[in-house]
Structures are given as C-alpha cells and as structure tokens.
Amino acid sequence: PLPSIADISAYLSDSLADAETANAFFVPILSCVLSQITSRNDELSLSAQQVTIFHALKTPAITIRAYLDRLVKYAHCSPECFVVALIYLDRLIHRNPGFIISTLNVHRLLVTSVMTAAKFFDDVYYNNGYYARVGGVSNKEMNALELEFLYLINFNLSISTSDFQRYQQELCAHSASVHESSCHCCTEQVVCRIGAHIQASQGVCVESHQSLGDGIDRGGSADSTDSAVSFQCDDVM
C-alpha cells in the first residue's frame, strides 16, 4: 500500500538529508503547482503597469519542469530551498496584489527565489555569476533581479519552523493527486520509494533495487566555467 500524506510529511521532515528522494518528490509537485498558476494567469490581460524586470519578451521555450530540473542539477542547493523559494514567492504575491506570476516571468522568479533561499538557508552556496549562468541570464541582470526580489518581499527572509512545515504539508497534500487520474505530478514510483524508506526507518526489512547515494554532490567551485552549466539567455529567456 502507498504511504499516507501524514507518513510522507513526517518522513520528509525527518529525512530531508536524502536529497535525491526529497527533490524527486518536491520538484515535480512544485512544477505542477506553478504550471497550474501560470496557466490560469496567462488568460488574464497584462497591463503595462504589471510588466516588471522579471518578464521576458516572449514565453521561454524551456518548460517549468525542465527549468526546475536544471536548477536541481546545477545549483546544488538543499531540498529545503525549493520549499523556502515557494514561501518567498507566496510572500511576494501577498505583499504585491497586482503582481501576476505567468509563463513570461516564472523562470526568472524561480532562479531568483532559489538563489535567495540558498544564500539564506544553506551553508554552501555560489556567487551570483554562477546562478546567472545556470538560469540563463547575465550577471548584471541577476544582480538586478535579486535586489528587486528582496524589495518585493520587503527583505523578509526569515521563516519559522511552523511556516515551513505548513507549506511542506501543503505540497504533500497536493501529492495526493497521485491517486487520481487528473494529476500525476508525483509518480507512484516516487511515493513507493518514500514508503520503502519509511518502512526501513521503522525496522521493516525491504529489498532495495537502487542505491540512493548520500545526496547531491556539492563539489566544484563557485567560479566554475564548466560549459555544461552555462547556456545563453536567448536559449531560455
């Protein structure tokens, strides 16, 4: 049987150090939530007053899910950062009622919120130039996006344990749609894998078909010039 939402939430709260499993759970759900939001908002008319520095001239070719996967692969941030990034985005919306997240601005908002979360939450993080290359923007633009983002959330970066757990629980609740035909953002295989970890932590012997490793490799310099990390702004934005 698949684990319950409560079991998944409790497991992720106690075992987010398993970055591979946590990212495999959170990223598809966050992508699904943002895709639903942008799909609705794209139907609204965009006035000149609503255009911000986060807006692209046209919808980027890369999908939200592919962009998030790219951030996971190259940003090397902890899984908690994606929950924290969601909290920051929610604060931005509540503090700026006229701000609309759409397919034109969601990519820049994501890389900026994840970078901000990594800087505030993680012990190890990269410089703005590195995140710019990962996100497909220039270093100058990344600096401007960061400053504007901080002003939009009123530099409110602190997050209480209760707030973090509440947002994490909401993401877990969204994952319940894995049982329904309408949404499969979190695959049954991932939920089953979490269930296997839960059973193992409770002393139940389970057969392991795949080693999850010790988490994401954080090796490499913040000034890395690895060509795989960089790609041109035009390719994304």
Side-chain angles (χ1 to χ4, degrees), residues 5 8 12 16 18-43 54-56 58-90 92-93 100-118 130-137 142 145 149 167-168 170-194 210 212 215-217 228-237:
I5 295 174
I8 293 175
L12 291 173
L16 277 174
D18 179 5
E20 184 176 349
T21 298
N23 281 330
F25 182 79
F26 281 131
V27 170
I29 298 172
L30 180 56
S31 170
C32 181
V33 171
L34 290 174
S35 294
Q36 291 176 357
I37 292 173
T38 57
S39 178
R40 290 196 303 267
N41 290 342
D42 282 347
E43 298 177 1
F54 294 96
H55 283 76
K58 62 179 181 179
T59 302
I62 188 170
T63 64
I64 295 174
R65 174 62 189 277
Y67 196 71
L68 277 169
D69 286 340
R70 179 174 175 81
L71 293 179
V72 169
K73 182 176 181 179
Y74 293 115
H76 304 307
C77 59
S78 64
E80 291 93 337
C81 284
F82 292 97
V83 181
V84 172
L86 176 63
I87 295 174
Y88 288 164
L89 290 176
D90 200 31
L92 185 154
I93 294 172
I100 297 175
I101 296 181
S102 68
T103 53
L104 290 175
N105 61 23
V106 67
H107 297 81
R108 284 180 170 85
L109 286 170
L110 274 174
V111 68
T112 308
S113 60
V114 169
M115 180 186 74
T116 304
Y130 181 86
Y131 291 110
R133 293 196 296 274
V134 172
V137 298
M142 189 78 261
L145 291 172
F149 188 82
Y167 278 86
Q168 178 183 286
E170 289 175 357
L171 288 174
C172 291
H174 184 85
S175 73
S177 59
V178 74
H179 302 289
E180 304 172 359
S181 59
S182 59
C183 180
H184 295 282
C185 60
C186 184
T187 66
E188 185 170 332
Q189 288 82 355
V190 172
V191 177
C192 288
R193 185 164 67 176
I194 292 177
Q210 179 181 4
L212 296 179
I216 294 177
D217 179 12
V229 174
S230 302
F231 67 140
Q232 298 300 315
C233 299
D234 292 342
D235 293 338
V236 180
M237 308 299 186

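We count residues from 1, following the sequence as given.
- Side chains of Val106 and Tyr67 form no contact here, defined as non-hydrogen atoms less than 4.5 Å apart.
- With Thr103 as the fixed residue, the side-chain hydrogen bond (donor to acceptor under 3.5 Å, both in side chains) test singles out one of Asp42, Asn41, Thr38: Asp42.
- For the side chain to side chain contact (heavy atoms under 4.5 Å, CB included) test, residues two or more places apart in sequence or in another chain that qualify with Leu86 are Leu30, Tyr167, Leu171.
- Here the CD1 atom belonging to Ile87 is positioned 11.0 Å from the CD atom belonging to Glu80, to the nearest 0.5 angstrom.
- Here the CD1-CG distance, from Ile93 to Asp90, works out to 6.0 Å after rounding to the nearest 0.5 Å.
- Thr112 places none of its side-chain heavy atoms less than 4.5 Å from the side chain of Tyr88.
- Between the side chain of His107 and the backbone N or O of Ala56, no donor-acceptor pair lies under 3.5 Å.
- In this structure, the side chain of Asn105 engages the main chain of Ser102 through a donor-acceptor pair within 3.5 Å.
- With sequence neighbours left out, Ala118 forms a side chain to side chain contact (heavy atoms under 4.5 Å, CB included) with Cys77, Cys81, Asp122, Tyr125, Tyr131.
- Considering only heavy atoms from C-beta on, Val111 comes within 4.5 Å of Met142 through its side chain.
- Side chains of Leu89 and Phe149 form a contact here, defined as non-hydrogen atoms less than 4.5 Å apart.
- The line from CZ of Phe54 to CG of Leu110 is 11.0 Å long, rounded to the nearest 0.5 Å.
- Inter-residue side-chain proximity for Leu71 and Val27 is flagged as unmet; no heavy-atom pair is nearer than 4.5 Å.
- By the 4.5 Å heavy-atom criterion applied to side chains, Leu34 and Leu109 are not counted as neighbours.
- At a threshold of 4.5 Å between non-hydrogen side-chain atoms, the residues Asp69 and Lys73 do not count as touching.
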